[in-house]
K.L.:
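I have a structure here, written as structure tokens, and I will follow up with some questions on it.
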Amino acid sequence: MTSKVSYDEVEVGTELPAQTFPVSRATLVRYAGASGDFNPIHWNERFAKEVGLPDVIAHGMFTMASAIRVVTDWVGDPGAVAEYGVRFTKPVVVPDDDKGALIEVTAKVGAKLDDEARTVRVDLVATAAGQKVLGLSRAVVRLA
């Protein structure tokens with residue numbers, strides 16, 4: 001697969017389609033099984049509160065993986081992501097109800113980095129419950 005987005009047609013400031021990712025307690029249990037991360041802060045409300053958290057929280061890597069989907073969906077090829085990094089600024093609190101939490105992600109092209117390599121920097125903003133949950137969230141992406 002290769003990028004479906006052309007470097008020549010992208011401008012700094014180009015906005016990627018925003019996405020919202022629902023997270024429930026069941027989502028966290030499935031992710032724990034897939035990742036092997038069974039830390040009780042991700043599924044046991046009593047334990048999470050005992051260690052000072054407001055409630056069960058989503059795995060940081062789950063949050064990070066959800067956010068990059070905005071980029072991979074836009075570019076059409078997960079292999080086009082050359083670099084990706086974030087800072088975890090706030091946890092995604094996942095209440096035990098029918099709604100769970102929502103991770104809302106927006107992104108835009110922050111810079112055209114290298115004409116020869118056809119790379120751009122995409123800056124992402126991920127929020128949950130009105131709070132920014134990832135800081136300095138950036139991906140370097142190779143375009144067609």
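Hydrogens, waters and symmetry mates play no part in the numbers below; they use all other heavy atoms, side chains included.
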K.L.:
If you group Ile, Leu, Val, Met, Phe, Trp and Tyr by side-chain heavy-atom gaps below 4.5 Å, do L53 and M61 land in one group?
P.N.:
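Hydrophobic grouping puts L53 apart from M61.
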K.L.:
If we only count heavy atoms from C-beta on, is the L16 to V122 side-chain gap below 4.5 Å?
P.N.:
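A side-chain contact under 4.5 Å exists here.
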K.L.:
Could you check whether any side-chain heavy atom of V141 comes within less than 4.5 Å of a side-chain heavy atom of T119, counting everything from C-beta outward?
P.N.:
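They are not in contact (no side-chain heavy atoms under 4.5 Å apart), so the answer is no.
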K.L.:
Taking only residues two or more places apart in sequence or in another chain, which ones pass salt bridge (Lys or Arg N to Asp or Glu O under 4.0 Å) with E104?
P.N.:
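Salt bridge (Lys or Arg N to Asp or Glu O under 4.0 Å) list for E104, sorted by chain: empty.
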K.L.:
Specify the closest pair of heavy atoms between G33 and F38, including all atoms of both residues, with the distance to one decimal.
P.N.:
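Distance-wise, the nearest heavy atoms are CA-CZ, 3.6 Å.
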K.L.:
By the ring-ring contact (aromatic ring centres under 6.0 Å, His included) test, which pairs, at least two apart or in different chains, include something from residues 12-37?
P.N.:
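Sorted result for residues 12-37: Y31-H59, Y31-F62.
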K.L.:
What pairs of residues pass the ring-ring contact (aromatic ring centres under 6.0 Å, His included) test when at least one of them lies in residues 119-144, not counting sequence neighbours?
P.N.:
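Residue pairs with at least one partner in residues 119-144: there are none.
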K.L.:
Consider only side-chain heavy atoms of I, L, V, M, F, W and Y, link residues closer than 4.5 Å, and tell whether L143 and V70 are in one cluster.
P.N.:
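The answer is yes; both residues are in one hydrophobic cluster.
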K.L.:
Using side-chain heavy atoms (C-beta onward) and a distance below 4.5 Å, is V23 in contact with L102?
P.N.:
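With C-beta onward as the side chain, the pair stays apart.
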K.L.:
Is there a donor-acceptor pair closer than 3.5 Å between any side-chain N or O of S137 and the backbone N or O of V86?
P.N.:
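No; judged by distance alone, with no hydrogens or angles, the pair does not exist.
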K.L.:
V105 versus T20: any side-chain heavy-atom pair under 4.5 Å?
P.N.:
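A side-chain contact under 4.5 Å is absent here.
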K.L.:
Using a 4.5 Å cut-off between side-chain heavy atoms of Ile, Leu, Val, Met, Phe, Trp and Tyr, which other residues end up in the same hydrophobic cluster as L113?
P.N.:
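When side chains under 4.5 Å apart are linked, the cluster holding L113 also contains V140.
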K.L.:
Look up atom CD1 in I57 and atom NE2 in H42, then write down how far apart they are to the nearest 0.5 Å.
P.N.:
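NE2 of H42 is found 5.5 Å from CD1 of I57.
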K.L.:
If every non-hydrogen atom of T106 is compared with every non-hydrogen atom of A18, which pair is closest and at what distance?
P.N.:
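Heavy-atom minimum between the residues: CG2-CB, 3.9 Å.
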K.L.:
Please check: side-chain N/O of W43 versus main-chain N/O of L28, any donor-acceptor pairing under 3.5 Å?
P.N.:
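Looks like no, no N/O pair under 3.5 Å.
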K.L.:
Quick one: salt bridge (Lys or Arg N to Asp or Glu O under 4.0 Å) partners of D77, sequence neighbours excluded?
P.N.:
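With sequence neighbours excluded, D77 shows a salt bridge (Lys or Arg N to Asp or Glu O under 4.0 Å) to no residue whatsoever.
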K.L.:
What heavy-atom pair brings Y7 and D114 nearest, and what distance separates the two atoms?
P.N.:
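Nearest pair, atom of Y7 first, then D114: OH-C, 3.7 Å.
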K.L.:
Restricting to pairs with a member in residues 88-144, which pass ring-ring contact (aromatic ring centres under 6.0 Å, His included), not counting sequence neighbours?
P.N.:
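The answer is none; no pair qualifies.
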K.L.:
Test of understanding: with side-chain hydrogen bond (donor to acceptor under 3.5 Å, both in side chains), list the residues that count as partners of R121, not counting sequence neighbours.
P.N.:
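By the side-chain hydrogen bond (donor to acceptor under 3.5 Å, both in side chains) rule, R121 matches D123.
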K.L.:
Within a 6.0 Å radius of atom NZ on K108, are there more than 12 heavy atoms belonging to other residues, nucleotides or ligands?
P.N.:
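12 or below, so no.
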K.L.:
Please name the pair of heavy atoms, one in A139 and one in V81, separated by the smallest distance, quoted to 0.1 Å.
P.N.:
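That would be CB-CG1, 4.5 Å.
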K.L.:
Any link between W74 and I103 through a network of hydrophobic side chains (Ile, Leu, Val, Met, Phe, Trp, Tyr) touching at under 4.5 Å?
P.N.:
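The answer is yes; both residues are in one hydrophobic cluster.
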K.L.:
Output every pair passing salt bridge (Lys or Arg N to Asp or Glu O under 4.0 Å) with a member in residues 8-20, not counting sequence neighbours, ordered by first then second residue.
P.N.:
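Listed once each, the pairs are D8-R118.
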K.L.:
Once salt bridge (Lys or Arg N to Asp or Glu O under 4.0 Å) is applied, what residue pairs with a partner in residues 30-55 remain, sequence neighbours excluded?
P.N.:
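Salt bridge (Lys or Arg N to Asp or Glu O under 4.0 Å) check on residues 30-55 returns R25-E45, R25-D55, E45-K49, R46-E50.
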K.L.:
Applying side-chain hydrogen bond (donor to acceptor under 3.5 Å, both in side chains), name anything that partners D73, two or more places apart in sequence or on another chain.
P.N.:
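Per chain and number, D73 pairs via side-chain hydrogen bond (donor to acceptor under 3.5 Å, both in side chains) with Q19.
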K.L.:
For a 4.5 angstrom cut-off between non-hydrogen side-chain atoms, does V56 reach N44?
P.N.:
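V56 vs N44: side chains apart.
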K.L.:
Is V133 close to T127 at the side-chain level, that is, under 4.5 Å between some pair of heavy atoms?
P.N.:
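Answer no - side chains too far apart.
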K.L.:
Within the 4.5 Å heavy-atom criterion, are L124 and Y84 side-chain neighbours or not?
P.N.:
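In contact.
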K.L.:
Which pairs count as salt bridge (Lys or Arg N to Asp or Glu O under 4.0 Å) when at least one residue sits in residues 125-135, sequence neighbours excluded?
P.N.:
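Matches after skipping sequence neighbours: none remain.
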K.L.:
Give a yes-or-no answer on whether the side chains of T27 and S24 include a donor-acceptor pair shorter than 3.5 Å.
P.N.:
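Yes.
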K.L.:
Would you mind writing out the side-chain donor-acceptor pairs for residues 90-101 within the sub-3.5 Å range, not counting sequence neighbours?
P.N.:
unit_1: D97; atom_1: OD1; unit_2: K99; atom_2: N; d: 2.9
unit_1: D97; atom_1: OD1; unit_2: G100; atom_2: N; d: 2.6

K.L.:
Stepwise, does the side-chain contact (heavy atoms from CB on, under 4.5 Å) test hold for V5 with V10?
P.N.:
CA-CA 8 Å; V5 178; V10 170; 3.3 Å; yes
K.L.:
Do K4 and V75 have side chains that approach each other closer than 4.5 Å (heavy atoms only, starting at C-beta)?
P.N.:
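A side-chain contact under 4.5 Å is absent here.
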